[in-house]
Amino acid sequence: MAFQKDFLWGGAIAANQAEGAWNKDGRGPAKTDVTTGGSVKEPRYVTFVDKDGNPGKVRNGQPIPDGAKYAVLDDYYYPNHDGIDFYHHYKEDIALFAEMGFKMFRLSISWSRLFPHGDEEIPNQKGIEFYRHVFKECQKYGIEPLVTIWHFDTPLYLEEHYGGWNNRKLIDFYERYARTCFTEYKGLVKYWLTFNEINNTIMMLNLFGNQAGSKEHQEGYQQLHYQFVASARAVQIGHEIDPDNMIGCMICGITFYPGTCDPRDILANRHMWEKSIFYCGDVQCKGKYSTYATRLWKEHEVHLDITNQDLIELKNGTVDMYTFSYYMSSLETTHEADEMVSGNFATGAKNPYLQYSDWGWAFDPQGLRYYLEMIYDRYERPLMVVENGLGAFDTVETDGSIHDPYRIDYLREHIMEMSKAIDNGVNLIGYTTWGCIDLVSAGTGEMRKRYGFIYVDKDDAGNGTYDRSRKDSFYWYQKCIATNGEDLN
């Protein structure tokens with residue numbers, strides 16, 4: 001096995017899925033706080049009150065009606081409100097991560113916990129202190145925090161009063177927020193990610209069959225451009241405040257394959273890589289838009305608000321490392337498929353050579369190696385896999401034990417492929433499994449879609465003790481880390 005001696009083994013969570021305490025100690029709401037629970041068959045909804053005072057809901061990702069205001073309604077369950085109550089359990093949870101041997105713990109900061117509206121000049125001190133306590137707890141055990149500055153949690157006030165990332169002003173608000181993070185946590189945090197799965201904005205437009213039009217693409221590409229500039233500014237500020245900071249992008253990584261050897265499929269697959277994966281990575285790693293960007297914009301009559309100063313910022317604010325999530329691969333074809341995938345954030349033609357999870361995700365460890373080798377060859381920057389894991393149903397036995405060999409099998413196969421990529425020359429420096437402790441699913445809002453090594457006693461309706469317990473995979477990952485990936489049995 002090829003993992004370097006100081007390889008950063010660990011796990012990952014996100015504030016909006018884990019913290020809870022959604023309205024405690026001065027925190028303001030984010031869109032996840034007005035998003036209902038769902039399931040693999042039932043979508044999540046965003047709730048509102050319209051201009052006439054009538055309650056309503058729209059499918060998550062769709063705009064609310066003109067004049068409406070986001071609202072928490074009495075008749076709905078909002079699973080992110082409590083998450084897994086990491087806010088009050090963080091000491092216990094970090095101790096369990098340390099028991100597993102974590103070298104790194106990836107988590108995010110809730111923007112609205114530091115700046116409740118997002119446009120304030122002075123941060124919420126209670127929010128500042130909460131994360132300081134978390135990072136010091138990590139330091140106590142020798143665990144490096146990997147901190148995501150934005151993980152799908154723009155303050156709701158910025159969404160309502162400024163139009164969210166459609167507004168250039170958000171660059172300045174994000175810059176103030178990022179500067180606060182870098183300043184307050186200097187010496188406690190070295191590893192940072194600017195935006196989580198930044199490519200989702202445009203990848204989701206067509207990936208799941210909604211065939212968005214020119215208006216949606218105009219908004220999507222414009223939002224991305226403002227986020228690119230905000231990220232580039234954050235990188236420069238982070239390096240200025242502490243030259244030791246290691247700041248990365250974070251891409252939703254999917255390996256795309258052509259469905260057939262038809263040249264039209266080959267070309268369609270290349271274009272999918274360019275739009276969904278390379279578009280964001282190229283800007284954040286190379287500091288400029290690549291040539292195919294012009295084609296993408298023309299396809300949907302996109303005209304960006306982009307200045308010369310923006311281009312300078314992009315050039316000067318390239319990231320130090322490339323990080324990504326990886327769960328599955330996908331087929332791209334111009335032909336009618338024999339069988340289609342249907343599930344949570346999964347669609348398209350089904351790959352007959354792969355197995356699929358209960359949520360429709362393809363099990364494809366070799367796709368991870370393909371992605372690692374492709375991306376390292378393109379950017380030649382250190383890589384981290386910062387999300388990877390299997391969401392599955394877990395059963396608590398009568399004696400309290402939880403046997404999850406399916407999770408161990410999934411992780412083992414992916415770790416083996418990571419090792420092969422390293423042997424082939426890839427500079428992979430870290431691996432943080434997703435949902436190292438059970439948390440609220442981003443896609444469905446469920447608890448039963450469990451990823452963790454640590455079981456949390458909470459169900460899909462929010463009932464439970466929130467007690468933590470170790471699964472079989474806890475001890476397996478503990479052994480994996482202790483042997484630096486050598487013993488995967």
Exercise. So His225 and Gln222, side-chain hydrogen bond (donor to acceptor under 3.5 Å, both in side chains) or not? Walk me through it.
Worked result: CA-CA 5 Å; His225 175 71; Gln222 189 63 71; 5.1 Å; no
Hey, is [atom1] on [X] packed in by over 12 heavy atoms from elsewhere, all under 6.0 Å?
X	atom1	answer
Gln125	CD	yes
Glu301	CD	no
Asn54	CG	yes
Lys275	NZ	yes

Could you tell me whether the side chains of [X] and [Y] share a donor-acceptor contact shorter than 3.5 Å?
X	Y	result
Gln236	Glu313	yes
Asn23	His81	no
Tyr45	Asn60	no
Thr35	Thr32	no

For this session: May I have the step-by-step check of side-chain hydrogen bond (donor to acceptor under 3.5 Å, both in side chains) for Ser108 and Thr148, ending in yes or no?
Result: CA-CA 4 Å; Ser108 67; Thr148 311; 5.8 Å; no
Exercise. Can you list the steps and then say if Trp192 with Phe182 is a ring-ring contact (aromatic ring centres under 6.0 Å, His included)?
Worked result: CA-CA 9 Å; Trp192 301 88; Phe182 290 133; 4.8 Å; yes
Exercise. How are the rings of Trp297 and Tyr289 set relative to one another: parallel (under 30°), tilted (30 to 60°) or perpendicular (over 60°)?
Worked result: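 Ring orientation of Trp297 relative to Tyr289: perpendicular.
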Exercise. What class does the angle between the rings of His161 and Tyr157 fall in, given that below 30° is parallel, 30 to 60° is tilted and above 60° is perpendicular?
Worked result: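 If you compare the ring of His161 with that of Tyr157, the planes turn out parallel.
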Under the 6.0 Å and 45° cation-pi test, does [X] pair with [Y]?
X	Y	answer
Arg468	Tyr455	no
Arg132	Tyr185	no
Lys449	Trp361	yes

Exercise. Pick from Asp459, Asp457, Asp460, Asp438: which one makes a salt bridge (charged side-chain N to carboxylate O under 4.0 Å, His left out) with Arg450?
Worked result: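 It is Asp438; the other options fail the test.
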Check whether any side-chain heavy atom of [X] sits under 4.5 Å from a side-chain heavy atom of [Y], and report yes or no.
X	Y	value
Ile437	Ile84	yes
Leu156	Val34	yes
Leu114	Asn124	no
Arg179	Arg233	no
Asn427	Gln4	yes
Phe115	Glu121	no
Tyr279	Tyr292	yes
Asn80	Gln17	yes

For this session: Determine the sole option in Thr433, Asn196, Thr323, Thr432 for which the side-chain hydrogen bond (donor to acceptor under 3.5 Å, both in side chains) test with Arg106 is passed.
Result: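 Filter result, single survivor: Asn196.
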Problem set entry | Candidates Tyr327, Trp434, Tyr326 - the one meeting side-chain hydrogen bond (donor to acceptor under 3.5 Å, both in side chains) with Glu387 |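 That would be Tyr327; it is the only one of Tyr327, Trp434, Tyr326 passing the side-chain hydrogen bond (donor to acceptor under 3.5 Å, both in side chains) with Glu387.
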Problem set entry | Stepwise salt bridge (Lys or Arg N to Asp or Glu O under 4.0 Å) test for Glu274 and Arg295 | CA-CA 10 Å; Glu274 289 172 344; Arg295 187 196 77 246; 3.1 Å; yes
For this session: I would like to know whether Lys140 and Glu137 meet salt bridge (Lys or Arg N to Asp or Glu O under 4.0 Å); could you show each step before the answer?
Result: CA-CA 5 Å; Lys140 174 174 142 184; Glu137 198 69 16; 3.2 Å; yes
Exercise. Just by modelled atom types, is the Ile247 backbone N or O under 3.5 Å from a matching donor or acceptor in the Asn245 side chain?
Worked result: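 A pair under 3.5 Å: no.
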Problem set entry | The single option from Trp165, Phe152, Trp111, Phe228 passing ring-ring contact (aromatic ring centres under 6.0 Å, His included) against Phe195 |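 When Trp165, Phe152, Trp111, Phe228 are each tested with Phe195, the ring-ring contact (aromatic ring centres under 6.0 Å, His included) holds only for Trp165.
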For this session: Give the intermediate values and the outcome of side-chain contact (heavy atoms from CB on, under 4.5 Å) for residues Lys57 and Thr36.
Result: CA-CA 9 Å; Lys57 65 180 182 180; Thr36 66; over 6 Å; no
Closest approach of [X] to [Y] (non-hydrogen atoms, all atoms of both residues):
X	Y	result
Gln284	Cys249	OE1-CB, 3.3 Å
Ile306	Asp310	CA-OD2, 3.6 Å
Trp273	Thr255	CZ2-CA, 3.9 Å
Arg44	Ala442	NH1-O, 3.1 Å
Arg168	Tyr226	N-CE1, 3.5 Å
Trp150	Tyr174	CB-CE1, 4.0 Å

Problem set entry | Pair Asp66 + Lys51: basic N to acidic O under 4.0 Å |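 No, this pair does not count.
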Exercise. Any ion pair linking Asp282 and Arg378 (charged N to carboxylate O, less than 4.0 Å)?
Worked result: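 Yes, this pair counts.
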Problem set entry | Pair Thr444-Ser441, side-chain hydrogen bond (donor to acceptor under 3.5 Å, both in side chains): steps then yes or no | CA-CA 6 Å; Thr444 66; Ser441 167; 3.2 Å; yes
For this session: Kindly determine whether Tyr70 and Phe48 satisfy ring-ring contact (aromatic ring centres under 6.0 Å, His included), including the steps that lead there.
Result: CA-CA 4 Å; Tyr70 294 107; Phe48 62 86; 8.2 Å; no
For this session: Go through the steps for Glu19 and Arg113 under the test salt bridge (Lys or Arg N to Asp or Glu O under 4.0 Å), then give the verdict.
Result: CA-CA 11 Å; Glu19 277 181 12; Arg113 200 175 290 286; 2.9 Å; yes
Problem set entry | Those residues that, when tested against Phe130, pass ring pair (Phe, Tyr, Trp, His ring centres under 6.0 Å) (two or more places apart) |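 Result, ring pair (Phe, Tyr, Trp, His ring centres under 6.0 Å) vs Phe130: Tyr87, Tyr90.
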Problem set entry | Steps toward side-chain hydrogen bond (donor to acceptor under 3.5 Å, both in side chains) verdict (Gln223, Asn166) | CA-CA 5 Å; Gln223 290 169 14; Asn166 293 305; 2.9 Å; yes
Exercise. Given Phe173 and Tyr162, is the ring-ring contact (aromatic ring centres under 6.0 Å, His included) satisfied, shown in steps?
Worked result: CA-CA 11 Å; Phe173 298 146; Tyr162 292 90; 5.0 Å; yes
Exercise. Stepwise, does the side-chain contact (heavy atoms from CB on, under 4.5 Å) test hold for Lys286 with Leu314?
Worked result: CA-CA 8 Å; Lys286 296 182 177 182; Leu314 297 182; over 6 Å; no
Problem set entry | Verdict with supporting geometry, Asp85 and Lys458, salt bridge (Lys or Arg N to Asp or Glu O under 4.0 Å) | CA-CA 10 Å; Asp85 198 23; Lys458 177 186 175 181; over 6 Å; no
